[in-house]
Amino acid sequence: MKLHRPQGLQPSRHPPSMTLRLVSLFALVAIVTFAGVGSYLYHSLHVQLERRDDDELAGKSSSIGHLVQEADSLAALRENTHALLDTISGHDRLLIRITDATGATIIKSYDDPDSLPGLPADAARPSGALRTVDLPDGRARVIVSRASARSGEQATVMVARTASDRMQLLADYHSQVWYAASIGTLLATLLSYFFVRGGLRPLRLMAAQTHAISANRLDTRIDIRSAPSELHEIVESFNAMLDRLHRSFEQLTQFSADLAHDLRTPLNNLMVQTQVALGKPRALEEYQALLSSNIEEYERLSRMMESMLFLARAEHAHVALQIRRLSVEEELGRIADYFEGIAEDAGVRIAVCGAGEISADMMLLRRALGNLVANAIRYTPAQGVIRIEAARTGAATVISVANPGEGIRPELAERIFDRFYRADPSRSSAGGSSGLGLAIVRSVMTLHGGTASVSSAPGGPTVFSLAFPDQATPAAQGRPGAGGAGGAGGTN
């Protein structure tokens, strides 16, 4: 049975290593470099040797022409052949032929008629210039000139070089150059392997350091001093990513611990109260009181689950916002009226100041402000005044909630908006707080494209500020999901 691979699934292919890529690149560069240098040297030597051969050929032609001019006649020149041939002694590749005006050969230095056959008309014309002609066994450099004996007889002097010892030397040099280039390329490739291995050693050290990082050692960082400058940006980015992961892991660990703590308290209350009630028969009124107490714990657990669900949806932008223009004065007044009774019971007063309009989701605005006001009432001493104000700051409307009290230390202010975080080290659950109120405030502002911040000092006023931009770019507007959650209540 023939199996067919599904479309889109390709066999995995591992890309070649950086060492192989760099060594291959070095080898290619070495080949091109050695070939280029070798070709240049060969061409230069070829030109120089050819120029010397041409100079020598021209000199021999001039010498032979001079001998013709010194001869009394062409017949006397034929009788003194040895003097003429002495001029080319030691040059077996040099051929000469002297003809009279009728084309009859007077003297020639070769016996084979094919050594220097008849030349084309343009090449055989006396001009004194060097020319290249094709012969059956190769090419030859020929110079044809005219000289006159003392008798006035005209002679044509033809001197040719079919090859030279220098050209044979050049051919040997060509082979040696390519042999040396091949050896040089091989040596350069081998050396480049060790150089590349040494150059990539910092990467291997970085890999070893990253292998040592685990969930229990997220505080480990790559030493930037051991990395070359070209990798500093990568190391810094990787270390920054580890910082974010470390913070997220710590927040997740703290979140799990806080969640377990906050769930354990109401569950323990429910279990202990129920066990005590079942310990012996009791009156109807006692059972009713127990159920009433249990309902309070159930409601607290329900509010906690609702808040966590809202935060989860807000974090993934699954909360659909209904942005509209709202009256700042009316919204702040409605919040103050809602908490008026609670503030009176706590012995504090709420003062409102602000006007104009704001672009926001009405329900989420009330929920964020309600959480801040409820938090302010909880920590404001008796006879204190909570101030809710709105003001224009640049292209945004800033709503602030300020209350007197003990203040927040700077190191705690950085985490005040974290889930389940409380400035009180005992993590008390008094007052029905679940530690999610300020986290919800920050999520609401993130959905509106704004910011939430706090400024405080020990013993001074604490001011929470919400900045709503005029041109709202909500993170979740038009996205499907749950709509605005909750009203102005501040029980989170």
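Nothing here was measured: the structure is a model prediction, and the numbers come from that model.
Taking the ring pair (Phe, Tyr, Trp, His ring centres under 6.0 Å) definition, one finds that Tyr40 meets it with nothing, sequence neighbours left out. Under the side-chain contact (heavy atoms from CB on, under 4.5 Å) criterion, Ser62 pairs with no residue, sequence neighbours left out. Scanning for side-chain hydrogen bond (donor to acceptor under 3.5 Å, both in side chains) contacts around Asp54 gives Arg141, with sequence neighbours left out. For the side-chain hydrogen bond (donor to acceptor under 3.5 Å, both in side chains) test, residues two or more places apart in sequence or in another chain that qualify with His246 are Glu250. Tyr298 meets the side-chain contact (heavy atoms from CB on, under 4.5 Å) test with Leu270, Asn294; sequence neighbours excluded. Taking the ring pair (Phe, Tyr, Trp, His ring centres under 6.0 Å) definition, one finds that Phe34 meets it with nothing, sequence neighbours left out. Checked against side-chain contact (heavy atoms from CB on, under 4.5 Å), Val272 has the following partners two or more places apart in sequence or in another chain: Val276.
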- Please test Met445 against Thr451 for side chain to side chain contact (heavy atoms under 4.5 Å, CB included), starting from the C-alpha separation and ending with a verdict. CA-CA 5 Å; Met445 296 311 300; Thr451 58; 5.8 Å; no
- Item | side chain to side chain contact (heavy atoms under 4.5 Å, CB included) between Arg324 and Leu326, worked out | CA-CA 6 Å; Arg324 66 185 70 178; Leu326 303 174; 3.3 Å; yes
- Task: In sequence, state the C-alpha distance, the side-chain angles, and the governing distance for Val463 and Ser465, and then conclude on side chain to side chain contact (heavy atoms under 4.5 Å, CB included).
- Result: CA-CA 6 Å; Val463 181; Ser465 300; 3.9 Å; yes
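To the nearest 0.5 Å, the span separating CG on Leu466 from CG on Leu372 amounts to 5.0 Å. Rounding to the nearest 0.5 angstrom, the gap separating the CD1 atom in Ile323 from the CE atom in Met362 is 12.0 Å. One distance of note links NZ of Lys60 with CG of Asp55; it measures 13.0 Å at 0.5 Å rounding. Between the CD1 atom in Ile222 and the OG atom in Ser237 there is a gap of 10.5 Å [rounded to 0.5 Å]. Distance OG/Ser61 to CD1/Ile96: 10.0 Å, rounded to 0.5 Å. Put simply, CG on Leu57 and CD1 on Ile143 are 6.0 Å apart, with the number rounded to the nearest 0.5 Å.
Relative ring orientation between His174 and Tyr42 is described as perpendicular, the plane-to-plane angle rising above 60° on a 0-90° scale split at 30° and 60°.
Side chains of Glu331 and Ile335 form no contact here, defined as non-hydrogen atoms less than 4.5 Å apart. For the pair Leu438 and Phe464, the minimum side-chain heavy-atom distance is below 4.5 Å. No side-chain heavy atom of Val159 sits under 4.5 Å from any side-chain heavy atom of Val142. Contact check for Leu365 versus Leu369: side-chain heavy atoms found under the 4.5 Å cut-off. Leu45 has its side chain within reach of Tyr173: a pair of non-hydrogen atoms, C-beta onward, lies under 4.5 Å apart. Between Leu22 and Phe195 the shortest side-chain heavy-atom distance does not fall below 4.5 Å.
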Validation: residues 186-194 side-chain donor-acceptor distances under 3.5 Å, sequence neighbours left out:
{"residue": "Thr189", "atom": "OG1", "partner": "Thr185", "partner atom": "O", "Å": "2.8"}
{"residue": "Ser192", "atom": "OG", "partner": "Ala188", "partner atom": "O", "Å": "3.2"}
{"residue": "Ser192", "atom": "OG", "partner": "Thr189", "partner atom": "O", "Å": "2.6"}

Got a list of side-chain donor-acceptor pairs under 3.5 Å for residues 394-407, not counting sequence neighbours?
{"residue": "Thr397", "atom": "OG1", "partner": "Arg392", "partner atom": "NH1", "Å": "3.1"}
{"residue": "Asn403", "atom": "ND2", "partner": "Thr380", "partner atom": "OG1", "Å": "3.4"}

All N/O donor-acceptor pairs, side-chain side in residues 197-210, below 3.5 Å, sequence neighbours left out:
{"residue": "Arg204", "atom": "NH1", "partner": "Arg197", "partner atom": "O", "Å": "3.2"}
{"residue": "Arg204", "atom": "NH2", "partner": "Arg197", "partner atom": "O", "Å": "2.9"}
{"residue": "Gln209", "atom": "OE1", "partner": "Asp223", "partner atom": "N", "Å": "3.0"}
{"residue": "Thr210", "atom": "OG1", "partner": "Met206", "partner atom": "O", "Å": "3.2"}
{"residue": "Thr210", "atom": "OG1", "partner": "Ala207", "partner atom": "O", "Å": "2.6"}

Using atom types as modelled, flag every donor-acceptor pair under 3.5 Å from a side chain in residues 24-33 to any protein atom, sequence neighbours excluded.
{"residue": "Ser24", "atom": "OG", "partner": "Leu20", "partner atom": "O", "Å": "2.7"}
{"residue": "Thr33", "atom": "OG1", "partner": "Val29", "partner atom": "O", "Å": "2.7"}

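Under a 3.5 Å cut-off, the side chain of Asn371 and the backbone N or O of Ile440 do not form any donor-acceptor pair.
Minimum interatomic distance between Ser359 and Phe468 (heavy atoms only, all atoms of both residues): O-CD2, 4.1 Å. For the pair Ala368 and Val444, the tightest heavy-atom approach, listed with the atom from each and the gap, is CB-CG1, 4.1 Å.
A salt bridge (Lys or Arg N to Asp or Glu O under 4.0 Å) check over residues 234-243, counting only residues at least two apart or in different chains, returns the pairs Arg221-Asp243.
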